[in-house]
There are 2 protein chains.
Amino acid sequence: MLLRKADVVEGALKFLDTEGLDKLTMRKLGAALNVHGGALYRHFPNKAALLEAMANKLTEGVGVPLPEAPWRDQIYVLGQRFRTAMLAHRDGARLVSGTHATGANSITAGSLVVDVLCGAGLAPAQAGSLAFSLYYYVLGHTLDEQNQAYTPEEEWQSGENQLASTLSPRYAEAFASLMNTDPAERFAYGLNTFIEGVASRIPHS
Amino acid sequence: MLLRKADVVEGALKFLDTEGLDKLTMRKLGAALNVHGGALYRHFPNKAALLEAMANKLTEGVGVPLPEAPWRDQIYVLGQRFRTAMLAHRDGARLVSGTHATGANSITAGSLVVDVLCGAGLAPAQAGSLAFSLYYYVLGHTLDEQNQAYTPEEEWQSGENQLASTLSPRYAEAFASLMNTDPAERFAYGLNTFIEGVASRIPHS
DNA sequence: ACCTGAACACCGTTCAAGT
DNA sequence: ACCTGAACACCGTTCAAGT
């Protein structure tokens, strides 16, 4: 029953799906792997390293080579890939957001974005800046989506809605319509809006 | 030496500046206020409620009425206000990102953004969607800024840079230039790029 | 090399009892 | 009403000792 590093990461991601990130503790994960909590330190120097390895595993596919296409489509695909990867596991976005994103996968993905944007006509400095902007948007959106998915409906209702409607009828309408549209649709809308912003930065296009 | 709710929040924000969010524990905050940790539960039902009150206090000024101006300028000001508010305290962005943003201030700020965008010609549903996009960008950017400010330079150097340069020279160049430009400038660039994206969503403008 | 068992130094939270 | 003192049920992490 000896464990390897990859077994621990795999088991941790499985644990994540069934129990959630809040319950992922070294002792409980150990128990799920039929091992004491302390034994996990033979494979990872600390919990943060485990979480980083999990996040890295989660975003594995994001940086694979892109099919030839116009730059807008390529950026769109990269954003969609990143979101889909995080949604593949419960609390995936929170897991990724909590790590330092210093893993190999985020680097290859980031360099892909930069390459695409440079190919579109942007200077490297601007491409890098906008690559991070894209990252913030996708991560933030997916984080919100996933939090609401696992949050009881009532809680959101109580806090936001009642205050909103007394404050600004337009805000109430906007908020209500947000709750009624598919998150994937909202995500795509924001992603394309971002892409149009990027387009405005490209010289003479 | 009796404490009021506001005293606790104020003391907690002061503690945040000197010690950081990671060290902000009920016991230590209590000690800083000359009180035992358990006493804080007379003022807040739990730690999450304290953090939410802190985040709410932090973002107090974001939602104050805007001077008359073109919508682009108004959105720009709102983004700048939000970033500035979070930067005003150590770990301010992390504090805000950890709470459910259900406070009164985030609602007034959000409704301001929606109102401005609707005034610019957007439908409420789209305005709401883009208001969240803006929120994700500003929060994500400020989070990164603030994390790097309190992170030893070496750590970033080791992980990112060495891998990046072997992977893609353009990415390495982009990354290096990012480290050498003022965060405020990068923030403004991304914010204006977002605004141009929003502009592309406005009918016949 | 990998794991157990037990400990250390903490957490958030609760609650009788004091003032 | 607010606080103390002490406890409960946990954490991450370490480390001798086992196999």
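Residue numbering restarts at 1 for every chain, and letters A, B, ... go by the order of the sequence lines. Just so it is clear, the model here is predicted, and its values are computed rather than measured.
Taking atom CG on A/Leu21 and atom C1' on D/dC11, their separation rounds to 14 Å, with Å as the unit. Rounded to whole angstrom, the span from the CD atom of B/Glu19 across to the P atom of C/dC10 amounts to 14 Å. Distance CG (A/Asp22) to C1' (D/dC10): 14 Å, rounded to an integer number of Å. Taking atom CZ of A/Phe44 as the reference point, atom P of D/dT14 lies 15 Å away to the nearest angstrom. Distance B/Leu40 CG to C/dT13 C1': 11 Å, rounded to the nearest Å. One can place CZ of B/Arg4 at 13 Å from P of D/dA1, the figure rounded to the nearest angstrom. In this structure, CG of B/Leu29 is placed 12 Å from P of C/dC11, rounded to the nearest angstrom. Atom P of nucleotide D/dT4 and atom CG of B/Leu33 are separated by 11 Å, given to the nearest angstrom.
Shown here, D/dC15 forms a base pair with C/dG5; the pair counts as Watson-Crick or G-U wobble because both key distances fall under 3.5 Å.
When all heavy atoms are compared, the tightest approach of B/Ser129 to A/Tyr189 is OG-CD2, 3.9 Å.
Relative to the ring axis of A/Tyr76, A/Arg81 does not place its NZ or CZ within 45° and under 6.0 Å from the centre.
Regarding contacts with the backbone of C/dC3, a side-chain N or O of A/His43 is found under 4.0 angstrom from either OP1 or OP2. Between A/Thr25 and D/dC10 there is no side-chain N or O to OP1 or OP2 distance below 4.0 Å. Taking 4.0 angstrom as the limit, B/His36 places none of its side-chain polar atoms (N or O) nearer than this to OP1 or OP2 of D/dC3.
Using a 4.0 Å cut-off between charged nitrogen and carboxylate oxygen, B/Arg72 and B/Glu196 count as a salt-bridge pair. A salt bridge is absent between B/Asp17 and B/Arg90: the closest approach of a Lys/Arg side-chain nitrogen to an acidic carboxylate oxygen does not fall below 4.0 angstrom.
Minimum atom distance to the side chain of A/Tyr41 is reached by D/dT14, of the listed D/dT14, C/dT13, C/dC3. Of the candidates C/dC3, D/dT4, C/dG12, C/dG12 carries the atom nearest the B/Arg27 side chain, counting heavy atoms from C-beta on. Closest to the side chain of A/Arg42, out of C/dC2, C/dT14, D/dG12, is C/dC2. Distance from the side chain of B/Ala39 is smallest to D/dC3 among D/dC3, D/dG12, C/dT13.
Relative ring orientation between A/Tyr136 and A/Phe132 is described as tilted, the plane-to-plane angle lying within the 30° to 60° band.
The residue among A/Pro45 and A/Lys23 whose nearest nucleotide of DNA chain D lies closer to the 5′ end is A/Lys23.
At a threshold of 4.0 angstrom between heavy atoms, the contacts of A/Gly37 with the nucleic acid are absent. The residue A/Lys28 sits close only to the backbone: its heavy atoms come under 4.0 Å of sugar-phosphate atoms, none of a base.
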